[in-house]
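First the structure, in the form of structure tokens, and then the observations on it.
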Amino acid sequence: MKKNNTSEKFLPFALPLIGKDEIMEVVDTMKSGWLTTGPKTKKFEDDFKKYIGSKHAVAVNSCTAALHLALVAIGVKEGDEVIIPSMTFTATAEVVTYMNAKPVFIDCDPETLLIDPKEIEKKITKRTKVIIPVHYGGQACDIDAILKIAKRYKLKVIWDAAHALPTFYKGKNIGQFADIVCFSFYVTKTITTGEGGMAVTNNKKYTDKMRIAALHGLSRDAWNRYKKGGSWYYEVVMPGFKYNLTDIASSIGIHQLKRADTFLNQRSSIASEYTKSFRDIPEIKSLTVMPYGKHAWHLYVIKINTGRLRINRNQFIDKMREKNIGTSVHFIPLHLQPYWKKTYNLKAMDFPNGTKVYNQIISLPIYPKMTENDVKKVINVIKSIISINKL
Ligand SMILES: *Cc1c(COP(=O)(O)O)cnc(C)c1O
């Protein structure tokens, strides 16, 4: 199709968009002499909780840390069970094992890849303490159904909201619904601080516990200790962790957050372009979008109809790479990962939807830095791969 394939630029699967404001704020922080958790992190937390509409926000150095602290705050104990989707990143499961608790994996819906509330209910036992649904790709789970189950069985709910900044359910930010909500600012996510995360809650006790646990179990954090009028004195009240977010990272976050809605609009228009272009192609199918929410469009996932193509998903990805387009797969389900599979004796046939869909899904580039031409190119390359390889 193109003569100059090798000289053409590669379109990465994901790229952050960092502006002058982020850079100037980092410079300001570096000149201030206060690099670690301090006034910029406080501002980032204040801005963040306002943006979400929650009472409290605790900035940490990853979403994984936020999820871990959420389990600590809730008081998950050895032997407790925590229900999580299999269609997620390993972080959702790994934090459960930090607590010596047991992750209980459930299958996804094949059209949305979201957790299926009916499957949650089937896996509840006397030991179940927490559910951690993932708002996969940036689409809200069936929140009413999940919260109803949680209430009935007296379970706590943590959102793994790594994809969900911002995601809305029935008009409200999903950060307002669960006991604790954990966001990610990893570099591929909808806003970034390089590495970073935020735990959001309306519960003061959880907030205090997470703050203390995030900084060595000290009774006061460094910011309180070192600010004017602070004191040298501290008490260790628990064996904590080192999860605090630096002011350098928060400097980036403050300005990324201001652009979160603009970024969303840009991703949404890419998503509608994809949806419109793929609607009439039977060889691929976009994931189903539920009418109850507003999608964050962190991911745009297509499922290829392998029965109508002479190439499989991996070959499809290779062909896209040959045409200079980066893609990814979200996710290799945890029930197929060696560690989780072996440790919890997980069988592919017990996760029929995830097992099947794993061999069909491809995540396409979707980020504000993409130009209209980039989007067109992705669409045209997909169409040409299909026309050459259809059965
Ligand atoms: C990225 C991601 C995480 C982990 O986020 P970090 O900030 O990198 O710790 C957790 N869960 C899901 C679903 C993710 O995609």
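Values below: all heavy atoms of this structure, side chains included; hydrogens, waters and symmetry mates excluded. Keep in mind it's a predicted model, so treat the numbers as computed, not measured.
- Using modelled atom types and a 3.5 Å distance limit, the side chains of Thr92 and Asp160 yield a donor-acceptor pair.
- When the side chain to side chain donor-acceptor pair (under 3.5 Å) test is applied to Ser277, no partner is found at least two apart in sequence or on another chain.
- Scanning for side chain to side chain donor-acceptor pair (under 3.5 Å) contacts around Thr97 gives an empty result, with sequence neighbours left out.
- Not counting sequence neighbours, Glu94 has no partner by the salt bridge (Lys or Arg N to Asp or Glu O under 4.0 Å) test.
- Cluster partners of Leu264 are absent, since no Ile, Leu, Val, Met, Phe, Trp or Tyr has side-chain heavy atoms less than 4.5 Å from it.
- Listed by chain and number, the residues in a side chain to side chain donor-acceptor pair (under 3.5 Å) with Tyr169 are Asp144 (sequence neighbours excluded).
- Using modelled atom types and a 3.5 Å distance limit, the side chains of Trp340 and Thr90 yield a donor-acceptor pair.
- Tyr274 pairs by the ring pair (Phe, Tyr, Trp, His ring centres under 6.0 Å) definition with Phe278, Tyr300, not counting sequence neighbours.
- For His56, the ring pair (Phe, Tyr, Trp, His ring centres under 6.0 Å) criterion is met by no residue, not counting sequence neighbours.
- When every heavy atom of Met87 is checked against every heavy atom of Ile361, the shortest pair comes out as CE-CD1, 4.4 Å.
- With sequence neighbours left out, Glu119 forms a side-chain contact (heavy atoms from CB on, under 4.5 Å) with Ile106, Asp116, Lys122.
- Using modelled atom types and a 3.5 Å distance limit, the side chains of His295 and Gln139 yield no donor-acceptor pair.
- In terms of the ring pair (Phe, Tyr, Trp, His ring centres under 6.0 Å) criterion, Tyr136 has no residue partners (sequence neighbours excluded).
- Judged by distance alone, the side chains of Thr29 and Ser251 do bring a donor and an acceptor atom under 3.5 Å apart.
- Checked by atom type, the side-chain pair Thr371/Asp374 shows a donor-acceptor distance below 3.5 Å.
- The aromatic rings of His163 and Phe331 sit parallel to each other, their planes meeting at less than 30°, with 60° as the upper class boundary.
- At a cut-off of 3.5 Å, with distance as the only test, no side-chain donor of His135 or Thr167 sits close to an acceptor on the other residue.
- Partners of Tyr153 according to the ring pair (Phe, Tyr, Trp, His ring centres under 6.0 Å) rule, which considers only residues two or more places apart in sequence or in another chain, do not exist here.
- If you chain together ILVMFWY residues whose side-chain heavy atoms come under 4.5 Å of each other, Phe10 ends up in a group of its own.
- Partners of Ser54 under the side chain to side chain donor-acceptor pair (under 3.5 Å) rule, at least two apart in sequence or in another chain, do not exist in this structure.
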